[in-house]
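These notes are about the structure you will find just below.
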Amino acid sequence: MNDNRPSELPPVVLVVESDILVRHVIAEYLRTCGYEVLEAATGAEAEIILEVEAERVEVVLADASATGDREGFALSQWLREAHPKIDVILAGSTAMAAAHATNLCEDGPGVDKPYQPQQIVNRIKWLKSRRDKGH
């Protein structure tokens, strides 16, 4: 995670999801779990947000099947290159994620959709723990 953030600030998660109802539900759940949440409808919108907020964002949760100029996998690859300290969780069907994400995520596919909110929180905690251990 971003090492220059004071530890008393809540972790910041950027949720990238085109379906506003899905995005709103998972964003609100993450907020109730103590995370600060930023929201984007597209990968291109996520890039604009990250131009300003990259130092604060610790995790990006993105729909792997998002469409547009910067769909989920392209967004993930761009993040690895442009912002390597930001962890990425791709959401989608496990079969689709496994087929496309092998070279993007050495930790395997992210999470299944429909979202299981606690699974998202557990994955964020696992990523933070891993990052804190220096991996």
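Bear in mind that the values here come from a model prediction, so they are computed numbers and not experimental data.
- Contact of the V59 side chain with the Y35 side chain is not registered, since no non-hydrogen atoms from C-beta on lie closer than 4.5 Å.
- Remark: E36 does not engage R31 in a salt bridge, criterion side-chain N to carboxylate O under 4.0 Å.
- Contact of the V15 side chain with the L30 side chain is registered, since non-hydrogen atoms from C-beta on lie closer than 4.5 Å.
- Closest approach of G34 and P11 over heavy atoms only: O-CD, 4.3 Å.
- We find the CG-CD1 distance between L14 and I89 to be 11.5 Å, quoted to the nearest 0.5 Å.
- Taking both residues in full, the closest heavy atoms of V16 and G43 are given as CG1-N, 4.0 Å, listed atom of the first, atom of the second, then distance.
- Between E45 and E39, every side-chain heavy-atom pair lies at or beyond the 4.5 Å cut-off.
- Between R80 atom CZ and L75 atom CG the span is 13.0 Å, to the nearest 0.5 Å.
- W78 and I49 fall within the same hydrophobic cluster, defined by Ile, Leu, Val, Met, Phe, Trp and Tyr side-chain heavy atoms under 4.5 Å apart, directly or through other members.
- A 4.5 Å side-chain heavy-atom check between I120 and I26 finds at least one atom pair inside the cut-off.
- For the atom pair CD of E55 and NZ of K85, the computed distance is 7.5 Å after rounding to the nearest 0.5 Å.
- Between I86 and A54 the shortest heavy-atom distance is CD1-O, 3.9 Å.
- Looking only at side-chain heavy atoms (C-beta outward), K133 and R130 stay at 4.5 Å or farther from each other.
- Note: the hydrophobic cluster containing V25 does not contain V60 (ILVMFWY, side chain heavy atoms under 4.5 Å, direct or indirect links).
- The closest side-chain heavy-atom distance from L38 to E53 is below 4.5 Å.
- Counting only heavy atoms from C-beta outward, the side chains of K125 and V121 approach each other to under 4.5 Å.
- Each of N122, D132, D87 was checked for a side chain to side chain contact (heavy atoms under 4.5 Å, CB included) with L127, and the lone residue meeting it is D87.
- Listed here is the closest heavy atom pair of A46 and A40: N-CB, 3.7 Å.
- In this structure, the side chains of L50 and V57 come closer than 4.5 Å at one or more pairs of heavy atoms.
- Here the shortest heavy-atom pairing between D63 and A91 reads OD1-O, 3.4 Å.
- Judged by distance alone, with hydrogens and angles left aside, the side-chain atoms of E17 form a donor-acceptor pair with the main-chain N or O of D19 at under 3.5 Å.
- There is no path of hydrophobic side-chain contacts, each under 4.5 Å, that joins I48 to V37.
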